[in-house]
Amino acid sequence: MDWSKRKATAQLAEMAAGDTVLLAGWVHRHRHHGGLVFFDLRDRSGVVQVVVHPENPAFALAARLRPEWVVEVRGQIALRETAAVNPKIATGRIEVVPSELAVLAEAAPPPISPSDEGEIDEGLRLRHRYLDLRRPQMQRNLEIRHLALQTARRVLTEQGFWEVETPNLTRSTPEGARDFLVPSRLAKGRFYALPQSPQLFKQLLMVAGIERYFQVVHCFRDEDLRADRQLEFVQIDIEQSFVDREDVIALAERLTVALVREVAGWEVPDAFDRLTYRQAMDRYGSDHPDVRFGMPIEDLKQRAEGGVVPFLAQALGAGERVVALNCPARLSRKQVEEMAERSGLALAWLSVEAGETKGSLARFFDAKGAGAWGVADGTLLVGHGVGDEFLQQMGGLRLRIARELGLIPEGRHQFVWVTDFPLLEWNAEDGRWQAVHHPFTAPLDEDAEQIESHPAQVRSKQYDLVLDGNEVAGGSIRIHQRDVQERVFARIGLSAEQAAEKFQFLLEAFRYGAPPHGGIAFGFDRLVMLMAGMPTIRDVIAFPLLSSGADPLTGAPTEVADDQLQELGISVRPPAAPGRPDPA
RNA sequence: GGAGGCGUGGUGUAGUUGGUUAACAUAACGCCCUGUCACGGCGUAGAUCACGGGUUCGAGUCCCGUCGCCUCCGCCA
């Protein structure tokens with residue numbers, strides 16, 4: 001069979017009546033009128049209608065066709081009569097009259113239909129992913145992913161970056177997420193780890209003088225899955241030498257703008273707005289704020305100081321913050337109580353209806369007084385508490401209200417940088433300081449001297465790129481001075497000996513002339529998800545895992561044969577029976 | 001580890017305060033149909049209502065437990 005003449009159905013829209021074409025694809029829908037048969041032939045590019053009249057030798061076979069059969073059609077393009085033109089499909093102006101029709105493969109009735117648009121159970125979709133991926137929406141998603149990959153490679157190559165691959169079988173490192181371990185057969189009892197990111201290798205590449213590196217790289221983190229998190233995910237990983245923060249940000253903007261303009265067709269500015277971590281927390285209660293809508297967290301310190309509401313003045317006196325969300329809609333008591341509970345907040349509230357104040361604060365205010373606190377047609381939701389954790393609860397409330405009231409504009413997309421993250425955070429569970437980003441992140445020059453004296457005050461050269469409330473990229477300028485690196489290690493409780501043992505290869509490399517360097521990594525699946533307008537990254541990954549970590553298509557993860565384990569020197573302890581204590 | 005939602009023919013759903021033979025759409029099968037494009041018409045078949053236990057004269061419906069899927073919190077340098 002010579003397929004070289006085969007046309008894609010989408011090409012047919014431009015062809016002239018009478019042209020002979022060879023097509024092949026799947027029967028999408030089949031319409032049998034007794035004396036006349038229509039079927040839609042689907043390939044990757046779209047669909048085209050094939051019409052078979054009773055005098056056509058192919059008629060008997062055409063009448064027998066069923067959905068998802070694979071067929072080959074040789075035939076002529078015919079213009080449809082005006083009344084028969086279908087403006088809803090790209091090839092709706094024409095149809096194909098077959099001179100030859102052949103069935104290349106019959107198909108059993110599919111458990112999920114590629115021609116249906118409705119919701120289907122996700123487990124079933126993944127069980128039959130090859131059918132799910134036949135759906136035009138899923139094919140568009142994979143095409144968007146492909147275009148994004150090619151655009152990223154092109155833009156970075158234009159900017160002088162080399163794509164360098166780094167190993168998947170590497171060493172387990174402390175800090176960060178749980179590692180996936182791979183047992184070594186050659187060295188029984190020892191394990192490789194799959195990389196959580198190529199962080200250390202890309203820094204070594206900078207020491208190696210590569211200067212500009214990128215990689216489309218699979219990363220592995222053994223944590224619980226979410227709509228935007230898989231055990232295995234893809235980063236566009238970038239690192240540059242002889243740069244400071246502004247250089248990396250400018251490069252990331254250049255790449256991001258090219259991606260969303262070319263692939264998604266969005267209109268975005270050449271450079272993005274910025275917030276410091278402090279501003280993001282204070283205004284939005286999040287380090288990845290959705291800035292597509294307003295309703296910022298307002299500080300009520302000045303108003304509450306007046307003592308109009310005694311318990312708020314008391315809270316201030318006790319060193320708490322008093323803040324509010326000015327919700328643009330009048331909420332019922334029930335709504336407020338429900339939102340307060342789901343946000344874990346004790347909320348006071350105030351609204352004005354027909355000149356009467358309503359809500360738990362109503363007794364402290366008349367309508368005029370409420371107006372002075374900013375209450376108009378909506379509801380003022382007041383909370384008080386301490387620290388970023390409290391602000392995050394308010395931020396969660398802000399998002400909940402926005403979703404419920406539909407305040408988030410559809411079809412609008414907004415990037416924002418978050419900078420000046422804290423370098424360190426206190427881990428109460430382990431009773432020690434730990435790196436917010438990773439231990440190689442450089443402190444701001446002006447804050448570095450406080451690493452020992454005021455660790456919580458030290459800001460870092462970390463920057464995160466946020467799109468519509470999703471963290472889509474994050475990076476930092478790295479420490480390239482040995483003494484600073486040692487001070488950070490010491491602060492997070494790694495002695496010189498421990499640091500030497502765990503990161504010896506990096507520290508040793510740094511002895512031989514490390515250039516100043518920094519980089520950024522894009523969460524590629526997430527970015528594609530947002531560009532494709534999908535609710536989960538599973539929709540832009542060809543073969544994702546369920547949120548249980550299982551793959552219903554292959555059955556992974558599975559048990560393995562005893563001799564496989566033996567060869568690796570591994571014995572498996574059976575999981576504890578339900579309701580019984582672990583025998584170990 | 002925790003919270004919530006869901007689980008009914010192949011698929012997607014309905015099923016009232018517990019009350020005959022579990023309904024509808026679609027897919028499947030058969031017959032009819034010459035301009036449909038989510039084709040249409042008539043008919044046939046297809047469900048131990050996720051699983052286990054309980055309450056009750058009687059459970060798809062109420063209660064308890066288990067499992068699975070989804071979402072969120074924890075977790076994710």
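Keep in mind the model is a prediction, meaning the values are calculated, not measured. Per chain, numbering begins at 1; letters A, B, ... match sequence-line order.
- In the interface, the side chain of A:Arg229 is paired with the base of B:rC76 through a donor and an acceptor atom under 3.5 Å apart.
- Across the protein-nucleic acid pair, A:Asp132 atom CG and B:rC69 atom C1' stand 15 Å apart, rounded to whole Å.
- Among the atoms of the strands shown, base atoms are found under 4.0 Å from some heavy atom of A:Pro54.
- Within the nucleic acid shown, A:Asp121 comes within 4.0 Å of sugar-phosphate atoms alone, with no base atom in reach, counting heavy atoms only.
- Across the interface with RNA chain B, nearest-nucleotide mapping of A:Gln196 and A:Ala227 shows A:Ala227 to be the residue nearer the 5′ end.
- Taking the P atoms as reference points, B:rC64 lies 40 Å from B:rA45, given to the whole Å.
- Taking atom C1' in both B:rU11 and B:rA47, the straight-line distance is 13 Å, to the nearest Å.
- Whole-Å rounding puts the A:Glu119 CD to B:rA25 C1' distance at 17 Å.
- Among B:rC76, B:rU36, B:rC70, the nucleotide with an atom closest to any side-chain atom of A:Leu546 is B:rC70.
- If A:Leu124 and A:Thr536 are placed on RNA chain B by their nearest nucleotide, the residue sitting closer to the 5' end is A:Leu124.
- Residue contacts for A:Glu81: at a heavy-atom cut-off of 4.0 Å it reaches no nucleic acid atom on any strand shown.
- By the 4.5 Å heavy-atom criterion applied to side chains, A:His53 and A:Phe59 are not counted as neighbours.
- The phosphate of B:rG68 (OP1 or OP2) has no side-chain N or O of A:Ser548 nearer than 4.0 angstrom.
- If you measure from atom CD1 of A:Ile120 to atom C1' of B:rC70, you get 15 Å, rounded to the nearest angstrom.
- In this model, the phosphate group of B:rU71 is not approached by any side-chain N or O of A:Arg226 to a distance below 4.0 Å at OP1 or OP2.
- Residue-level contact check: A:Ser197 touches the bases, meaning some heavy atom is under 4.0 Å from a base atom.
- Atom CG of A:Leu126 and atom C1' of B:rG68 are 14 Å apart (whole Å).
- For an aromatic pair to be called close, the ring centres must be under 6.0 Å apart, and A:His33 with A:Phe38 satisfies this.
- Nucleic acid contact class of A:Glu95 (heavy atoms, under 4.0 Å, all strands): base.
- For CD of A:Glu559, the number of neighbouring non-hydrogen atoms (other residues, nucleotides, ligands) closer than 6.0 Å is 12 at most.
- Atoms CZ (A:Phe39) and C1' (B:rC39) sit 16 Å apart, rounded to a whole Å.
- Side-chain atoms of A:Arg80 come within 3.5 Å of backbone atoms of A:Gly92 as a donor-acceptor pair (strictly under, hydrogens ignored).
- For A:Arg538 and B:rU71, the shortest distance from a side-chain N or O to OP1 or OP2 is below 4.0 Å.
- Listed candidates were B:rU34, B:rA38, B:rC70. Nearest to the side chain of A:His53 is B:rU34.
- Between the side chain of A:Ser45 and the main chain of A:Ala10, a donor-acceptor pair closer than 3.5 Å is present.
- At the heavy-atom level, A:Val37 lies nowhere under 4.0 Å from the strands shown.
- Applying the 4.0 Å criterion to OP1 and OP2 of B:rU36, one finds that A:Arg31 has every side-chain N and O outside that range.
- Distance noted for atom P between B:rA23 and B:rG43: 15 Å (whole Å).
- A donor-acceptor contact under 3.5 Å is not formed by the side chain of A:Arg66 with the base of B:rC29.
- For B:rC39, there is no paired base (Watson-Crick or G-U wobble, both distances below 3.5 Å).
- In this structure, A:Ala435 reaches the sugar-phosphate backbone alone: every heavy-atom distance under 4.0 Å involves primed, P, OP1 or OP2 atoms, never a base.
- Rounded to whole Å, the distance from CZ on A:Arg125 to P on B:rC70 is 11 Å.
- In this structure, A:Ser113 does not reach the B:rA27 phosphate: none of its side-chain N or O atoms is under 4.0 Å from OP1 or OP2.
- Counting distance only, with no hydrogens placed and no angle test, the side-chain atoms of A:Arg80 and the base atoms of B:rU36 include a donor-acceptor pair under 3.5 Å.
- If you check B:rG10, B:rA38, B:rC70 against the side chain of A:Pro111, the one that comes closest is B:rG10.
- B:rG35 atom P lies 13 Å from atom CD of A:Glu55, rounded to whole Å.
- Put simply, the side chain of A:Asp224 and the base of B:rG74 share a donor and an acceptor less than 3.5 Å apart.
- Of the candidates B:rA38, B:rG10, B:rU26, the closest approach to any side-chain atom of A:Asp116 belongs to B:rU26.
- Within the nucleic acid shown, A:Arg221 comes within 4.0 Å of at least one base atom, counting heavy atoms only.
- Pair assignment for B:rU44: B:rA28, on the basis of Watson-Crick or G-U wobble contacts that are both within less than 3.5 Å.
- A side-chain donor-acceptor contact under 3.5 Å links A:Asn86 to the backbone of A:Lys88.
- When the shell of 6.0 Å around OH of A:Tyr192 is examined, it contains 12 or fewer heavy atoms from other residues, nucleotides or ligands.
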Stepwise ring pair (Phe, Tyr, Trp, His ring centres under 6.0 Å) check, A:Phe220 with A:Phe233: CA-CA 7 Å; A:Phe220 305 85; A:Phe233 59 99; 8.1 Å; no

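- Straight-line distance from the CZ atom of A:Arg127 to the C1' atom of B:rU11: 15 Å, rounded to whole Å.
- Checking B:rC67 for Watson-Crick or G-U wobble geometry (two distances, each under 3.5 Å) identifies B:rG7 as its partner.
- Taking atom P in both B:rA50 and B:rG7, the straight-line distance is 8 Å, to the nearest Å.
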